[in-house]
Amino acid sequence: MKPTHIEHIGIAVSNLDEAIKYWENVMGLKCYNIEEVKDQKVRTAFFKIGDVKIELLEPTSEDSTIAKFIENKGQGMHHIAFAVEDTNQALEDAQEKGVRLIDKQARKGAENLEIGFLHPKSTLGVLTEICCKK
Ligand code: ZN
């Protein structure tokens, strides 16, 4: 795989509205999109900083992976998303190199991205998202 840039950094938060206030009032960034991703049971908010985005993720259900993450580790850095040409190809490449995948097939994420996750057990603890624009 050949990532072209960091597309976004994902941050788990327990209260999206409170978190947006922090990012707007303290960090001086403007939230430009709020989007619910139903199959991931999250509500997301996006900010741009240069070419990189910050993605806040709030669980919408107790069985959301984000809810479990916050329960175990607290709020904070959740994942780094790398932009590639083709998500499915990148997932395949990673699997061929012995990386365990969370997603064998790309799925639809927020912001019209095709996304897939690599398992943190195979990525030295960094939950890694691979994504491309559709
Ligand atoms: Zn993400």
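If you read the sequence from its start, that first residue is 1, and numbering goes on from there. Just so you know, these numbers use all the heavy atoms, side chains as well, and skip hydrogens, waters and symmetry mates. Counting starts at 1 for both ligands and their atoms, in listed order. Keep in mind that what you see is a predicted model, and the values were worked out from it rather than measured.
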*Does any non-hydrogen side-chain atom of His79 lie less than 4.5 Å from one of Ile115?*
no
_Starting from Ile54, can I reach Val52 by hopping between I/L/V/M/F/W/Y residues whose side chains sit under 4.5 Å apart?_
yes
*Does the Gln75 side chain pair with the main chain of Ser14, one donor and one acceptor, at a distance under 3.5 Å?*
yes
_N/O/S atom name from Glu55 that is nearest to the position of the Zn ion (ligand 1)_ = OE1
*Nearest to the Zn ion (ligand 1), which N, O or S atom of His79 do we find?*
NE2
_So that I can check it, does any N, O or S atom in His78 come closer than 2.8 Å to the Zn ion (ligand 1)?_
no
*Taking the Zn ion (ligand 1) as the reference point, name the nearest N/O/S atom of Glu129.*
OE1
*Starting at SG of Cys131, measure out to CG of Asp86 and round the result to the nearest 0.5 Å.*
12.0 Å
